[in-house]
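Take a look at the structure set out below.
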Amino acid sequence: AGEGECAMEILRVEDVGHKYQAENGEVTAFEHISFTVQKGEFMSIVGPSGCGKSTLLSIIAGLLPPTSGRVYVDGEVVTGISRHIGYMLQRDNLLEWRTILSNVLFGLEIRGAKTPQNPRQLSGGMRQRVALIRTLATGPDILLLDEAFSALDYQTRLNVTDDVYRILKREQVTTLMVTHDIPESISMGDKILVLSARPAQV
């Protein structure tokens, strides 16, 4: 990699592995996972069920320590929940007792940086758009999407992913998206990380 290219690297996953205890002993979810993501890049992550795609996102987000290897964000080792990372799950997790605007401001509020419609009145597609805006409002360097649109019907999903893609590209938000949808991973991803069956490898 040239000097300029290195300066653009925002995420480095280095020889990361994860094991967990199951009833029948220790299970290796994945091992020797290594990849880099450049600033503003959109990476899709695909692989069979149970290969650890969601677990990998949790490790990148600092919610779970890896069993082996390291994750670097902006050159620093991730050792806990990182304020540089926004994480959006399949469930939108909107707070029903708050208005749409106060849902959007929630992330800023809990960070102490907070500068008449309610969620139940929204369609699934609009709920996910609100959840995305709430996640982006905190200004994350990296956005993690874990099957974030899979609960939507096909037509709504196409419209929402189109909107989301345009927003993320315009704002140059580095994004990692776990999806089961191969056409979606191809149409949205600059890079596609394909994981094998467990124990998963790239």
Side-chain angles (χ1 to χ4, degrees), residues 10-11 13 16 18 20 22 27 29-30 33 35 37 41-64 66 71 73 78 81-82 84-96 103-104 106-107 119-120 122-138 140-169 171 173-202:
I10 191 166
L11 174 69
V13 174
V16 164
H18 185 70
Y20 62 91
V27 176
F30 49 79
I33 302 287
F35 61 89
V37 182
E41 208 163 38
F42 194 117
M43 176 183 271
S44 301
I45 302 174
V46 296
S49 290
C51 74
K53 300 183 293 293
S54 295
T55 303
L56 180 60
L57 285 196
S58 293
I59 288 171
I60 291 167
L63 299 171
L64 196 63
V71 176
V73 172
V78 173
I81 296 171
S82 171
H84 298 286
I85 293 176
Y87 200 174
M88 191 172 148
L89 305 167
Q90 185 174 341
R91 277 182 51 82
D92 55 59
N93 291 315
L94 297 186
L95 306 172
E96 293 298 340
N103 260 289
V104 167
F106 181 66
R120 66 178 165 274
L122 296 181
S123 66
M126 287 306 296
R127 290 179 69 98
Q128 284 299 58
R129 287 177 175 93
V130 172
L132 176 74
I133 293 163
R134 179 179 64 184
T135 306
L136 292 179
T138 59
D141 296 326
I142 300 172
L143 175 66
L144 305 178
L145 300 173
D146 190 2
E147 295 282 353
F149 314 112
S150 62
L152 304 176
D153 66 74
Y154 184 69
Q155 193 56 52
T156 304
R157 184 172 177 159
L158 286 180
N159 293 337
V160 172
T161 52
D162 193 44
D163 273 2
V164 165
Y165 185 76
R166 279 189 296 107
I167 291 165
L168 297 178
K169 279 297 174 189
E171 302 297 321
V173 180
T174 308
T175 306
L176 276 73
M177 178 181 75
V178 162
T179 180
H180 277 105
D181 189 318
I182 301 296
E184 182 177 84
S185 71
I186 293 167
S187 66
M188 293 179 81
D190 299 314
K191 270 186 191 167
I192 303 174
L193 185 76
V194 182
L195 296 177
S196 68
R198 194 171 68 213
Q201 295 190 335
V202 177

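We use all heavy atoms of the structure for the numbers below, so side chains are in, but hydrogens, waters and symmetry mates are not.
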Minimum side-chain heavy-atom gap Val16-Phe30 below 4.5 Å: yes
Between Cys51 and Ala200 the two heavy atoms that sit nearest each other are O-CB, 3.3 Å
Ser185 and Ser44 have their tightest heavy-atom pair at O-OG, 2.9 Å
The side-chain contact (heavy atoms from CB on, under 4.5 Å) partner of Ile60 among Val78, Leu144, Thr55 is Leu144
Check: Is the backbone of His180 close enough, under 3.5 Å, to the side chain of Glu147 for a donor and an acceptor to pair up by distance?
Finding: yes
(Q) What verdict does the side chain to side chain contact (heavy atoms under 4.5 Å, CB included) test give for Val71 and Leu11, after you've listed the backbone C-alpha separation in whole Å, the side-chain angles of each residue and the deciding distance to 0.1 Å? (A) CA-CA 7 Å; Val71 176; Leu11 174 69; 3.8 Å; yes
Output for pair (Leu168 CG, Met177 CE), nearest 0.5 Å, gives 10.0 Å
Within the side chain of Lys53, is there an N or O that forms a donor-acceptor pair under 3.5 Å with the backbone of Gly47?
yes
On a heavy-atom basis, the closest approach of Ser54 and Tyr87 is O-OH, 3.6 Å
key: Trace of the side chain to side chain contact (heavy atoms under 4.5 Å, CB included) decision for Glu171 with Leu136   = CA-CA 10 Å; Glu171 302 297 321; Leu136 292 179; 5.6 Å; no
When rounded to the nearest 0.5 Å, the distance separating CG of Asp146 from CG of Leu57 is 5.0 Å
Separation between OG1 (Thr175) and CE (Met188), nearest 0.5 Å, reads 8.0 Å
When Thr179, Leu195, Leu145 are each screened for side-chain contact (heavy atoms from CB on, under 4.5 Å) with Ile45, the one that passes is Leu195
Exercise. Does the side chain of Asp181 come within less than 4.5 Å of Thr161's, by heavy atoms?
Worked result: no
What one should report as the nearest heavy-atom pair of Ala61 and Ile85 is CA-CD1, 4.0 Å
Here the gap from Met43 atom CE to Leu176 atom CG, rounded to the nearest 0.5 Å, amounts to 6.0 Å
Note: Ala22 and Val27 closest approach over all heavy atoms is CB-CG2, 3.7 Å
Partner of Lys169 under salt bridge (Lys or Arg N to Asp or Glu O under 4.0 Å), picked from Asp162, Asp163, Asp190, is Asp190
_Quick check: do Leu64 and Tyr20 have side-chain heavy atoms less than 4.5 Å from each other?_
no
Phe35 and Leu193 have their tightest heavy-atom pair at CE2-CD2, 3.6 Å
Spell out, as yes or no, whether a donor-acceptor pair under 3.5 Å connects the side chain of Ser196 to the backbone of Gln201. yes
